[in-house]
Amino acid sequence: MAVEPLSQKEIEDRLAELPGWSVDGDRLTRSYRLGSHFAAAALVVHIAGVQDELDHHSDLTLGYDTVSMSVHTHSAGGALTERDFALARRVEDIAPGHGAH
């Protein structure tokens, strides 16, 4: 199934629904600060599970108490697509203190 790149307007509309997320170059990005290294590592594991479920994977960076995420869609030539925003919404839902619980 082909995945179509989003227009600039579509990207802006989706960003408005995801506070804390931004576009850096051609990637959708977000960093989370957690209470400890263990909490940050646990979030990485949860994000990895969501990514496997969606079959859409980001670059994740684990710091001492931070997790940074960066994603775009390789199959769409590195453009941003609905798949990237779907992943971001799911991550927001599981991020402690950030998503809808």
Side-chain angles (χ1 to χ4, degrees):
M1 169 165 68
V3 180
E4 295 298 317
L6 296 173
S7 70
Q8 188 61 38
K9 170 86 168 91
E10 290 170 320
I11 290 168
E12 291 168 6
D13 290 347
R14 283 161 181 76
L15 277 175
E17 300 169 0
L18 288 167
W21 288 83
S22 62
V23 174
D24 184 8
D26 64 349
R27 293 178 161 267
L28 183 61
T29 65
R30 168 81 193 215
S31 292
Y32 296 94
R33 180 173 295 264
L34 293 100
S36 67
H37 180 67
F38 185 84
L43 180 58
V44 167
V45 171
H46 287 289
I47 292 172
V50 168
Q51 291 180 143
D52 279 351
E53 179 185 327
L54 296 177
D55 192 27
H56 192 56
H57 301 84
S58 70
D59 292 333
L60 291 172
T61 303
L62 173 63
Y64 170 71
D65 63 353
T66 60
V67 174
S68 297
M69 185 173 154
S70 171
V71 66
H72 63 183
T73 304
H74 294 281
S75 63
L80 291 176
T81 68
E82 186 56 48
R83 295 187 77 197
D84 303 310
F85 286 91
L87 175 58
R89 283 188 289 274
R90 289 286 302 278
V91 171
E92 279 297 297
D93 287 345
I94 63 170
H98 293 88
H101 299 290

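In this chain, numbering begins with 1 at the start of the sequence shown.
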For [X] against [Y], the heavy-atom pair lying closest together:
X   : Y   : value
S70 : R27 : OG-CD, 2.9 Å
A76 : T81 : CB-CG2, 3.6 Å
A40 : G63 : CB-O, 4.4 Å
P96 : L43 : CD-CD1, 4.2 Å

Any side-chain donor near an acceptor of the partner, H56 and D84, under 3.5 Å: yes

Residues T29 and S22: side-chain donor-acceptor under 3.5 angstrom: yes

Note, [X] side chain near [Y] side chain (heavy atom, < 4.5 Å):
X   : Y   : result
D65 : R33 : yes
R83 : D55 : yes
L15 : L28 : yes
R14 : L80 : no
M69 : L60 : yes
L87 : Q51 : yes
E82 : T73 : no
D52 : H57 : yes

Sidechain-backbone polar pair: R30 side chain, P19 backbone, donor-acceptor under 3.5 Å: yes

R89 (side chain) donor-acceptor with L18 (main chain) under 3.5 angstrom: no

Reported CD-to-CG distance for the pair E12 and L6, which is rounded to 0.5 angstrom: 11.5 Å

Parallel, tilted or perpendicular: rings of W21 and Y32 (30°, 60°): perpendicular

Ionic contact status for D13 with K9, cut-off 4.0 Å: yes

